[in-house]
Amino acid sequence: MISALMPNFSRADIAFDHGHGAWLFDTQGRRYLDFGAGIATSSLGHGHPHLVQAIAAQAAKVIHVSNLYRMPQAEQLAARFVAASFADSVFFCNSGAEANEGLVKAMRKAQSDAGHPERTRIICFDGAFHGRTLAMISATGNPKYLAGFGKKVDGFDHVPFNNLSEVRNAITAETAGILVEPIQGEGGIRAADEAFLRGLRATCDEFGLFLGFDEVQTGMGRTGKLFAYQWSDVEPDVMSLAKGIGGGFPMAALLAKEQVARALVPGSHGTTFGGGPLACAAGNAVLDVILADGFLEQMNEVAAYLRAGLVALVARHGSVFTEVRGTGLLLGLKCAVPNGDVQAQAMRQGLLSVAAGENVLRLLPPLIITRAECDEALAMLDKTAQALTMEIAK
Ligand SMILES: *Cc1c(COP(=O)(O)O)cnc(C)c1O
């Protein structure tokens with residue numbers, strides 16, 4: 001018989017009761033160090049007083065009113081994103097997939113408004129992940145996510161990641177834009193080369209295409225800057241955010257330059273829940289923390305410390321780990337044994353992590369992680385490697 005809760009996830013047999021900082025406590029009272037952060041989402045860890053207080057205070061005032069009315073909390077949050085980024089205007093919604101849907105619609109509509117209604121196709125990349133709606137599994141392009149769901153939604157052309165000449169070869173009279181993750185997260189913490197990003201920008205300018213960054217996973221301080229694109233000198237025309245934006249409260253955003261944002265006139269696009277008072281209270285609280293003086297500097301110091309520890313771990317346990325990937329606290333360990341086995345063993349040691357493509361184990365602690373907690377995680381990874389080495393020897 002089927003479970004009452006639809007069985008579309010393969011869940012670990014643990015249920016968490018509560019959390020505090022970087023720690024989660026299960027219903028048996030066992031504690032786990034959370035280096036998954038709900039897949040790069042619980043950016044401030046668990047029970048962060050500023051976030052909790054902001055959500056509680058807003059919930060007591062009003063939870064939902066709808067986008068039929070002005071939304072001061074959303075106006076404030078949008079202005080802060082505009083001040084802190086390339087963007088001129090912001091649309092709020094509820095998930096990464098929804099933000100990417102909006103991104104694709106905005107690119108197509110802006111091309112149409114510019115006199116090119118034939119420009120509807122988006123160039124995407126092998127190894128990408130853009131979400132689970134019908135259009136976004138087509139933008140993702142991974143056969144694993146498409147199987148059984150019928151014909152792909154038309155309009156997405158895939159080329160190899162980090163290969164500019166393949167991108168240029170794929171451009172046709174129907175191309176509207178390019179959608180890329182500055183660092184592929186689900187794909188295995190694969191970073192776009194700086195030269196590749198510059199080439200994409202120049203190519204978009206040359207052909208009149210829009211450059212879209214999916215920063216659903218890389219954004220909101222995860223890489224050590226507010227947005228990953230800020231490590232380069234390349235700016236997109238439009239960008240999606242989700243995961244860390246609400247510190248675990250469901251929320252997403254589409255940030256755009258004026259030409260793209262203007263395409264979404266009243267009636268052309270919308271969402272019932274998006275940018276509501278509660279979500280925006282969470283978003284504003286998260287930004288208060290991340291943009292506070294010294295927060296990202298401090299995080300980058302801890303991230304460098306963690307990375308050095310991981311490099312040493314790989315040097316000690318070459319039969320289990322082969323490479324450290326990533327930037328800031330978007331880190332990956334390429335594994336020499338199945339990453340699922342490493343993840344399960346690490347969980348036994350008390351460390352939560354997330355599997356990714358290319359047999360990589362993602363380490364995505366909350367941005368408030370301390371050096372002492374990194375030491376604990378490194379010790380647990382050491383024990384994990386020792387246990388797996390003993391299994392290999394058997
Ligand atoms: C998680 C993710 C998405 C999808 O976000 P949902 O909120 O699950 O819809 C899209 N793009 C990237 C890069 C992601 O990591």
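Numbering of ligands and ligand atoms starts at 1, following listing order.
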Who are the side-chain hydrogen bond (donor to acceptor under 3.5 Å, both in side chains) partners of Asp88, not counting sequence neighbours? none
If you count only heavy atoms, which residues are under 4.0 Å from ligand 1? Ser95, Gly96, Ala97, Asn100, Phe129, His130, Gly131, Glu181, Asp214, Val216, Gln217, Lys243
Common cluster, Met220/Leu255, ILVMFWY with side-chain heavy-atom separation under 4.5 Å: yes
Start with the C-alpha distance between Phe86 and Phe213, add both sets of side-chain angles, then the distance that settles ring pair (Phe, Tyr, Trp, His ring centres under 6.0 Å), and finish with yes or no. CA-CA 12 Å; Phe86 72 95; Phe213 284 173; 8.1 Å; no
Residue pairs passing the salt bridge (Lys or Arg N to Asp or Glu O under 4.0 Å) test with at least one member in residues 136-155, sequence neighbours excluded, are Arg121-Asp154
Evaluate the criterion side chain to side chain contact (heavy atoms under 4.5 Å, CB included) for residue pair Asp157 and Ile122; output intermediate values, then yes/no. CA-CA 6 Å; Asp157 299 308; Ile122 312 292; over 6 Å; no
Could you pull out all residues at least two apart from Asp17 that satisfy salt bridge (Lys or Arg N to Asp or Glu O under 4.0 Å)? none
